[in-house]
Amino acid sequence: MDLQLEQELYQRFLQKEKVARFLWMLESPERRSRIFEDLRDVRYFDEKSYEELTGQDKSPTMIIDRLKNLGVMSVIYIISSNEDDDGTEQVLEPYINTKIWQTEEMIGYCRKSKVGFFKNHEGWFYLLSDSK
């Protein structure tokens, strides 16, 4: 787990008044494991930082193209409800192609471009970017 990177992600994309709560959750492995209980949808995200993808835009190819157009490099950091992937760095294309729709909830983040994505348990998919 990369605590500094996760702090950066929450500070960048969550509503300013909610950041302290999520940073507090990161301080404890038990509380961190429950983060997706609060992140079931985008209600805690800053509305200026996300764009929902729908329909064909949620296909792996389109997701990869959109992320690359926003400057995402080949490696992304993953926060995931899947313990095997949580807190790991993954190669963008294989991960999106094989894991995105098999994993209940996840956040991906590129440390270089500062762009990410959020996918919840209902299959809603959002791009996370300051330059939306």
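Please read these numbers as outputs of a predicted model, since none were measured by experiment. We use all heavy atoms of the structure for the numbers below, so side chains are in, but hydrogens, waters and symmetry mates are not.
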Residue pair Leu39, Tyr10: steps toward the side-chain contact (heavy atoms from CB on, under 4.5 Å) verdict: CA-CA 11 Å; Leu39 288 180; Tyr10 294 133; 4.1 Å; yes
Pair Val72-Leu92, side-chain contact (heavy atoms from CB on, under 4.5 Å): steps then yes or no: CA-CA 8 Å; Val72 173; Leu92 175 66; 4.0 Å; yes
Derivation and outcome, salt bridge (Lys or Arg N to Asp or Glu O under 4.0 Å), residues Glu52 and Lys58: CA-CA 9 Å; Glu52 183 175 7; Lys58 294 189 329 184; over 6 Å; no
Stepwise side-chain contact (heavy atoms from CB on, under 4.5 Å) check, Gln90 with Asp85: CA-CA 8 Å; Gln90 301 286 332; Asp85 294 337; 4.0 Å; yes
Asp130 and Phe13: CA distance, side-chain angles, deciding distance, side-chain contact (heavy atoms from CB on, under 4.5 Å) verdict: CA-CA 8 Å; Asp130 289 338; Phe13 298 123; 4.0 Å; yes
From CA spacing to verdict: side chain to side chain donor-acceptor pair (under 3.5 Å), His121, Glu105: CA-CA 5 Å; His121 64 287; Glu105 294 160 323; 3.1 Å; yes
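With hydrogens and angles ignored, the 3.5 Å screen pairs a side-chain donor or acceptor of Asn97 with a backbone N or O of Glu93. Judged by distance alone, with hydrogens and angles left aside, the side-chain atoms of Lys119 form a donor-acceptor pair with the main-chain N or O of Thr103 at under 3.5 Å. Between the side chain of Asp86 and the backbone N or O of Ser80 there is at least one donor-acceptor pair closer than 3.5 Å. Formation of a donor-acceptor pair under 3.5 Å by the Glu8 side chain with backbone atoms of Arg111 is not found in this model.
Taking the centre of each ring, Phe125 and Phe118 stay at or above the 6.0 Å mark.
Following chains of ILVMFWY side-chain contacts shorter than 4.5 Å, one can reach Leu5 starting from Met1, so the two form part of one hydrophobic cluster. By the criterion of side-chain heavy atoms lying less than 4.5 angstrom apart, applied directly or through intervening Ile, Leu, Val, Met, Phe, Trp or Tyr residues, Ile100 is not grouped with Val91; the two fall into different hydrophobic clusters. Taking hydrophobic clusters as Ile, Leu, Val, Met, Phe, Trp and Tyr residues chained together by side-chain heavy-atom distances below 4.5 Å, Met73 does not share a cluster with Phe117. Phe45 and Met25 fall within a single hydrophobic cluster, where Ile, Leu, Val, Met, Phe, Trp and Tyr side chains are chained together by heavy-atom contacts under 4.5 Å. Placement of Leu67 and Trp101 within a single hydrophobic cluster is found when ILVMFWY residues are connected by side-chain heavy-atom separations under 4.5 Å, directly or transitively.
The CZ atom of Arg66 sits 6.0 Å away from atom CG of Asp57, with the distance rounded to the nearest 0.5 Å. Atom OG in Ser74 sits 8.5 Å away from atom NZ in Lys68 (nearest 0.5 Å). We find the CG-CE distance between Asn69 and Met62 to be 9.0 Å, quoted to the nearest 0.5 Å. Of the inter-residue distances, the one linking Thr54 atom OG1 with Tyr126 atom OH reads 10.0 Å to the nearest 0.5 angstrom. Expressed to the nearest 0.5 Å, how far SG of Cys110 lies from CG of Leu70 amounts to 10.5 Å. Atom CD of Gln7 and atom CG of Asp2 lie 9.0 Å apart (nearest 0.5 Å).
By the 4.0 Å N-to-carboxylate-O rule, Glu27 lies too far from Arg32 to be salt-bridged with it. Using a 4.0 Å cut-off between a side-chain N of Lys or Arg and a carboxylate O of Asp or Glu, Arg21 and Asp38 qualify as a salt bridge.
Residue Ile79 comes nearest to Phe36 through the heavy atom pair O-CZ, 3.5 Å, listed as atom of the first residue, atom of the second, then distance. Residues Glu47 and Tyr50 share a closest heavy-atom pair of CA-CE2, 3.4 Å.
Residue Gln102 qualifies as enclosed at atom CD: its count of foreign heavy atoms under 6.0 Å is above 12. A 6.0 Å sphere centred on NZ of Lys112 holds no more than 12 heavy atoms belonging to other residues, nucleotides or ligands. Under a cut-off of 6.0 angstrom, the local environment of CD in Gln4 is sparse, with at most 12 non-hydrogen atoms contributed by other residues, nucleotides or ligands. The number of heavy atoms from other shown groups lying within 6.0 Å of CD (Glu17) is above 12.
A 4.5 Å side-chain heavy-atom check between Leu53 and Leu127 finds at least one atom pair inside the cut-off. At a threshold of 4.5 Å between non-hydrogen side-chain atoms, the residues Val115 and Leu128 do not count as touching.
Partner of Tyr109 under the side-chain hydrogen bond (donor to acceptor under 3.5 Å, both in side chains) criterion, out of Lys114, Glu89, Arg12: Arg12 alone.
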